Each structure stands twice: as C-alpha cells, then as structure tokens.
A.B. asks: 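Handing you this structure, nothing more for now.
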Amino acid sequence: MEEGYSLIFFDGVCNMCNTFVQFVIQRDSNDYFKFASLQSEFAINLLNDLGIPNDLSTVVLVEPNRDYYCQSTAILRIFSRLKMPYPALYYFIYIPECIRNPVYKTVASLRYTMFGKKDDNEACEYHPEWLHKFIT
C-alpha cells in the first residue's frame, strides 16, 4: 500500500458503487484516494493480509496507517476529504452507528435492484485521466 493515499474498495459490478467512485474522483481535489474493486486480486490479498473481511455489501476505506472503516463510517470519512461542501456531512458521524449502519445496509441490500449491476466480466469504463487512481 502506497504511503499518503487512502484506498477505497468498492463492489466493482455495482452501478451505484461505480457512480459513487466517479463522484469521489470528481471532488478529490487533493488526489487523496485510490480505488480498487473488492473483486480484484489486489483487494482480496490486501484485505486478507490486514485481517479485514472482504464483504461485497460494504465500501471499505483503508487509511495510510492501515486503520480501516466500513459502511456508513467509511462513507462519512470519505466525504470529510472531499471539496466543500461535502466535509460538512462528516458531522453525521455523531449519529450512533447503530442508527447509521441499518440505513446503509438497507440501501446496500437494494443497490442492484435500484441501480443494476454489470456482468462479472464487464469492466467499468472511466475517463483515461482517472486510470492512475485505480489499482488492479
């Protein structure tokens, strides 16, 4: 894992997740994040090495110090690093996880129904200038 970058692991076949990745890239003015699909060999190996469960139902954020966050906490920590006004959403961190995470899990359980999914072997296409942000 490269120093100075946080890694966002996401469900690579989920259309909603891929839209979220594009949203983050467009607002990551400090080039703070890199991305990898949870289905990638890199993600499987790194998450296993760090003892982090590889759960396709959640975004996983791994910080440079190897601390990691999942579900709503990961999303809120990601928002805290984006251009304004998105860091203001971090204040939702004061809502207990026992309230935030059931909302996250409900959306996650409906993501394929609401937004669809790609075939396992269908790659997502990103702007060429974004490709350096992805680890495969």
Side-chain angles (χ1 to χ4, degrees):
M1 189 168 138
E2 295 181 48
E3 292 299 316
Y5 294 100
S6 286
L7 291 171
I8 298 174
F9 295 99
F10 64 99
D11 181 353
V13 299
C14 168
N15 289 335
M16 182 182 78
C17 304
N18 281 287
T19 300
F20 178 72
V21 166
Q22 292 175 39
F23 174 89
V24 170
I25 290 172
Q26 292 169 352
R27 290 155 184 84
D28 181 19
S29 57
N30 294 322
D31 208 28
Y32 186 75
F33 296 109
K34 291 204 181 246
F35 303 85
S37 165
L38 284 163
Q39 291 91 340
S40 70
E41 188 175 326
F42 172 77
I44 293 167
N45 291 334
L46 181 64
L47 295 176
N48 186 50
D49 289 348
L50 296 175
I52 302 170
N54 190 343
D55 178 2
L56 294 179
S57 70
T58 182
V59 166
V60 178
L61 173 67
V62 179
E63 298 284 9
N65 64 3
R66 296 182 177 245
D67 286 344
Y68 75 93
Y69 306 91
C70 300
Q71 299 180 8
S72 64
T73 302
I75 298 297
L76 293 173
R77 290 185 69 88
I78 291 165
F79 282 145
S80 75
R81 294 282 186 170
L82 301 180
K83 293 190 276 193
M84 288 301 288
Y86 301 99
L89 294 172
Y90 187 71
Y91 287 105
F92 283 104
I93 203 79
Y94 295 108
I95 297 172
E97 279 186 350
C98 63
I99 296 170
R100 287 186 282 120
N101 283 343
V103 174
Y104 180 96
K105 289 176 183 178
T106 299
V107 173
S109 71
L110 297 171
R111 70 189 187 279
Y112 295 148
T113 304
M114 293 174 18
F115 298 96
K117 72 184 252 187
K118 300 188 178 314
D119 292 329
D120 287 338
N121 56 1
E122 183 181 0
C124 292
E125 295 184 19
Y126 297 101
H127 294 287
E129 64 269 16
W130 294 350
L131 295 180
H132 73 281
K133 305 273 291 167
F134 291 88
I135 301 171
T136 55

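Start at 1 with the first residue, then count along the sequence. Quick note: numbers below take in every heavy atom, side chains included, and nothing from hydrogens, waters or symmetry partners. None of the values given here were measured: they were computed from a predicted structure.
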A.B. asks: Measure across Q22 and W130 and return the closest heavy-atom pair with its distance rounded to 0.1 Å.
C.D. replies: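 Closest approach of Q22 to W130, heavy atoms only: CG-CZ3, 3.7 Å.
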A.B. asks: Just verifying a value: how many Å separate E63 CD and Y5 OH, rounded to the nearest 0.5 Å?
C.D. replies: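 With rounding to 0.5 Å, CD (E63) is 14.5 Å from OH (Y5).
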A.B. asks: Measure the spacing between OG of S37 and CG of L56 and express it to the nearest 0.5 Å.
C.D. replies: 8.0 Å
A.B. asks: Any donor-acceptor pair under 3.5 Å linking the side chain of D11 with the backbone of S57?
C.D. replies: no
A.B. asks: Consider only side-chain heavy atoms of I, L, V, M, F, W and Y, link residues closer than 4.5 Å, and tell whether Y86 and V21 are in one cluster.
C.D. replies: yes
A.B. asks: Less than 4.5 Å apart, side chain to side chain, heavy atoms only: is that true for V59 and Y104?
C.D. replies: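 Yes, close enough: below the 4.5 Å cut-off.
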A.B. asks: For the atom pair CD1 (I25) and CD (E129), what is the distance rounded to the nearest 0.5 Å?
C.D. replies: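 I25 CD1 to E129 CD: 9.5 Å, rounded to 0.5 Å.
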A.B. asks: Would you say the side-chain atoms of D28 pair up with the backbone N or O of V24, donor to acceptor, closer than 3.5 Å?
C.D. replies: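 Not a single qualifying donor-acceptor pair exists.
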A.B. asks: For the backbone of N48 and the side chain of N54, can you confirm whether one donor and one acceptor N or O come within less than 3.5 Å of each other?
C.D. replies: no
A.B. asks: I'd like to know if the side chain of N30 reaches the main chain of Y32, judged simply by a donor and an acceptor atom lying under 3.5 Å from each other, with no hydrogens or angles considered.
C.D. replies: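 Flag not set: sc N30 to bb Y32 has no pair under 3.5 Å.
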A.B. asks: Apply the test side-chain contact (heavy atoms from CB on, under 4.5 Å) to residues L47 and Y68: give CA-CA distance (whole Å), side-chain angles for both, the deciding distance (0.1 Å), then the verdict.
C.D. replies: CA-CA 10 Å; L47 295 176; Y68 75 93; over 6 Å; no
A.B. asks: Hey, could you give me the CD/SG distance between Q39 and C14, rounded to the nearest 0.5 Å?
C.D. replies: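 If we round to the nearest 0.5 Å, Q39:CD and C14:SG are 9.5 Å apart.
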A.B. asks: Is the side chain of K133 donor-acceptor paired with the backbone N or O of F33 at a distance under 3.5 Å, no angle test?
C.D. replies: yes
A.B. asks: With a 3.5 Å distance limit and no angle check, can you tell me whether K117 reaches the backbone of G12 through a side-chain donor-acceptor pair?
C.D. replies: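 Absent.
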A.B. asks: Determine whether more than 12 heavy atoms belonging to other residues, nucleotides or ligands lie under 6.0 Å from atom OH of Y112.
C.D. replies: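 Enclosed.
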A.B. asks: Before giving the answer on side-chain contact (heavy atoms from CB on, under 4.5 Å), spell out for L89 and L82 the whole-Å C-alpha distance, their side-chain angles and the decisive distance to 0.1 Å.
C.D. replies: CA-CA 10 Å; L89 294 172; L82 301 180; over 6 Å; no
A.B. asks: Find the distance between CD1 (I99) and OH (Y94) and round it off to the nearest 0.5 Å.
C.D. replies: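 These two atoms lie 15.5 Å from each other.
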A.B. asks: Other than M16, which residues form its hydrophobic cluster under the rule that side-chain heavy atoms must be closer than 4.5 Å?
C.D. replies: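 The other cluster members (ILVMFWY side chains, heavy atoms under 4.5 Å, direct or chained) are V107, L110, M114, F115.
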A.B. asks: So for atom CZ, which belongs to F23, do other residues, nucleotides or ligands contribute more than 12 heavy atoms lying within a distance under 6.0 Å?
C.D. replies: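 Yes - once you tally the heavy atoms of other residues, nucleotides and ligands closer than 6.0 Å, there are more than 12.
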A.B. asks: Looking at I52, L7, L46, I8, which one forms a side chain to side chain contact (heavy atoms under 4.5 Å, CB included) with V60?
C.D. replies: I52
A.B. asks: Please round to the nearest 0.5 Å and tell me the distance separating atom CZ of F35 and atom CZ of F20.
C.D. replies: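 F35 CZ to F20 CZ: 8.0 Å, rounded to 0.5 Å.
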A.B. asks: Quick check on the hydrophobic clustering: are L61 and F92 connected, directly or via other members, by side-chain heavy-atom contacts under 4.5 Å?
C.D. replies: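 Yes, it is one cluster - the side chains of L61 and F92 are joined through contacts under 4.5 Å.
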A.B. asks: Indicate yes or no: at least one non-hydrogen side-chain atom of Y90 is less than 4.5 angstrom from one of F79.
C.D. replies: no
A.B. asks: Out of the candidates R77, K105, R100, E97, only one should pair with S72 under the side chain to side chain donor-acceptor pair (under 3.5 Å) rule; please name it.
C.D. replies: R100
